[in-house]
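Below, all heavy atoms of this structure are taken into account, side chains as well, without hydrogens, waters or symmetry copies. The structure displayed is predicted, hence computed values, not measured ones.
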Amino acid sequence: MGVGREVSISLDGVRDKNIMQLKKLNLALFPVRYNDKYYSDALASADFTKLAYYSDICVGAIACRLEKKEGGCQVRVYIMTLGVLAPYRGLGIGTKLLNHVLDLCSKQNISEVYLHVQTNNEEAINFYKKFEFEITETIQNYYTNITPPDCYVVTRHITASPTKK
């Protein structure tokens, strides 16, 4: 960037009035079409689902679902999607989106975040590994209409942030 050209990257919550932004991004970014449950889960996750704006242009999003862990006492976060439009990658937008969710997890004592990644998506796998995610499982034939159909379950365990005195 040239001297003096400060570009702002901002995050905004997803609401009924801007859910179409998320739908348009998903159409452009992913080979999968998402159903109404995906969008209702994204809205229900409140602060865990965000749109990313680069100079007021919507260029990325993270959409999460909050799930009860086995036993029902604790919550974990499932990242349904995280994507940034290709021309805007490498600018820290995906990092800002993911860090937002990881920080929220830490503040809310949520100890686990996980997602599915197609086994040939090296870019995504390497991105998550930079944030201490680990491949914890391989699921054969997870996807129905894309090749390869297999995915990795990628998980990060989070320690709660210490309370400030």
Side-chain angles (χ1 to χ4, degrees), residues 10-53 58-85 89 93-121 123-146 148-161:
S10 59
L11 303 183
D12 189 22
V14 175
R15 301 173 288 286
D16 284 333
K17 71 175 189 170
N18 66 4
I19 193 85
M20 280 308 295
Q21 295 274 26
L22 182 59
K23 289 180 179 184
K24 286 178 184 175
L25 278 170
N26 285 346
L27 279 172
L29 289 167
F30 303 112
V32 176
R33 296 295 159 252
Y34 294 97
N35 59 25
D36 289 341
K37 181 173 178 358
Y38 166 97
Y39 293 101
S40 62
D41 286 346
L43 287 168
S45 79
D47 226 18
F48 285 90
T49 295
K50 291 287 186 184
L51 297 171
Y53 292 85
C58 187
V59 299
I62 190 166
C64 298
R65 178 174 68 224
L66 303 180
E67 302 178 343
K68 290 231 186 284
K69 288 175 87 166
E70 292 80 15
C73 325
Q74 288 189 309
V75 172
R76 66 181 181 172
V77 172
Y78 174 62
I79 298 175
M80 298 186 292
T81 55
L82 168 57
V84 176
L85 295 173
R89 291 181 191 153
I93 297 166
T95 294
K96 187 166 187 160
L97 287 163
L98 184 55
N99 278 333
H100 168 79
V101 167
L102 296 175
D103 290 346
L104 269 181
C105 288
S106 184
K107 288 175 186 162
Q108 296 186 23
N109 295 323
I110 295 172
S111 63
E112 184 182 341
V113 180
Y114 79 106
L115 62 141
H116 295 98
V117 178
Q118 196 174 10
T119 54
N120 69 338
N121 191 343
E123 187 179 5
I125 294 162
N126 291 332
F127 174 78
Y128 289 108
K129 282 184 174 178
K130 286 193 293 191
F131 294 88
E132 301 173 18
F133 280 78
E134 297 176 2
I135 295 171
T136 52
E137 185 182 351
T138 302
I139 301 174
Q140 306 293 321
N141 300 309
Y142 178 77
Y143 299 107
T144 52
N145 295 319
I146 57 176
D150 307 332
C151 79
Y152 294 126
V153 177
V154 184
T155 306
R156 172 162 170 191
H157 294 280
I158 298 169
T159 50
S161 61

*Could you tell me which non-hydrogen atom of Gly94 sits nearest to which non-hydrogen atom of Val84, and how far apart they are?*
N-CG2, 3.7 Å
*By side-chain contact (heavy atoms from CB on, under 4.5 Å), which residues pair with Ala52, not counting sequence neighbours?*
Leu11, Ile93, Leu97
*asked:* Please check this pair: side chain of Asn18 against backbone of Gln21, looking for a donor-acceptor N/O pair closer than 3.5 Å.
replied: no
_Once rounded to the nearest 0.5 Å, what's the spacing between atom CD of Gln118 and atom CZ of Phe30?_
11.5 Å
*Can you tell me how far SG of Cys58 sits from CG of Leu22, rounded to the nearest 0.5 angstrom?*
8.0 Å
_Partners meeting ring pair (Phe, Tyr, Trp, His ring centres under 6.0 Å) with Tyr78 (sequence neighbours left out)_ = Tyr114, His116
_Between Ile110 and Gln74, is the side-chain contact (heavy atoms from CB on, under 4.5 Å) condition met? List the steps._
CA-CA 7 Å; Ile110 295 172; Gln74 288 189 309; over 6 Å; no
*asked:* Restricting to salt bridge (Lys or Arg N to Asp or Glu O under 4.0 Å), what partner residues turn up for Arg65, sequence neighbours left out?
replied: Asp41, Glu67
*asked:* Run the side-chain contact (heavy atoms from CB on, under 4.5 Å) test against Asn35 and tell me which residues pass, sequence neighbours left out.
replied: Lys37, Tyr38
*Working for side-chain contact (heavy atoms from CB on, under 4.5 Å), residues Leu98 and Val113*: CA-CA 10 Å; Leu98 184 55; Val113 180; 5.6 Å; no
*Rounded to the nearest 0.5 Å, what's the gap from SG on Cys105 to CZ on Arg156? Could you check?*
9.0 Å
*Go through the structure and list residues passing side-chain contact (heavy atoms from CB on, under 4.5 Å) with Leu43, not counting sequence neighbours.*
Val14, Asp16, Ile19
_Using every non-hydrogen atom in the two residues, find where Val77 and Phe48 come nearest and quote the distance to one decimal._
CG2-CE2, 3.8 Å
*For the student: nearest non-hydrogen atoms of Tyr143 and Cys151, plus distance*: CE1-CB, 3.6 Å
*Quick one: does Asn26's side chain have a donor or acceptor within less than 3.5 Å of a partner on Val32's backbone?*
no
Donor-acceptor pairs under 3.5 angstrom involving side-chain atoms of residues 125-141: please list them, not counting sequence neighbours.
| from | atom 1 | to | atom 2 | distance (Å) |
| --- | --- | --- | --- | --- |
| Asn126 | ND2 | Glu122 | O | 3.2 |
| Thr136 | OG1 | Val153 | O | 3.2 |
| Thr136 | OG1 | Thr155 | OG1 | 2.9 |

_Please enumerate all residues that pass side-chain hydrogen bond (donor to acceptor under 3.5 Å, both in side chains) together with Asp47, with sequence neighbours excluded._
Lys50
*Residues in side-chain hydrogen bond (donor to acceptor under 3.5 Å, both in side chains) with Asp12, at least two apart?*
Arg15
*asked:* Go through it in stages, so that I can follow the logic: the residues are Leu25 and Leu51, the test is side-chain contact (heavy atoms from CB on, under 4.5 Å), and I'd like the CA-CA distance, side-chain angles, deciding distance and then a yes or no.
replied: CA-CA 9 Å; Leu25 278 170; Leu51 297 171; 4.2 Å; yes
*Nearest-0.5 Å distance that lies between atom CE in Met80 and atom OH in Tyr39*: 9.0 Å
*Ile62 vs Thr49 side-chain heavy atoms within contact, under 4.5 Å*: no
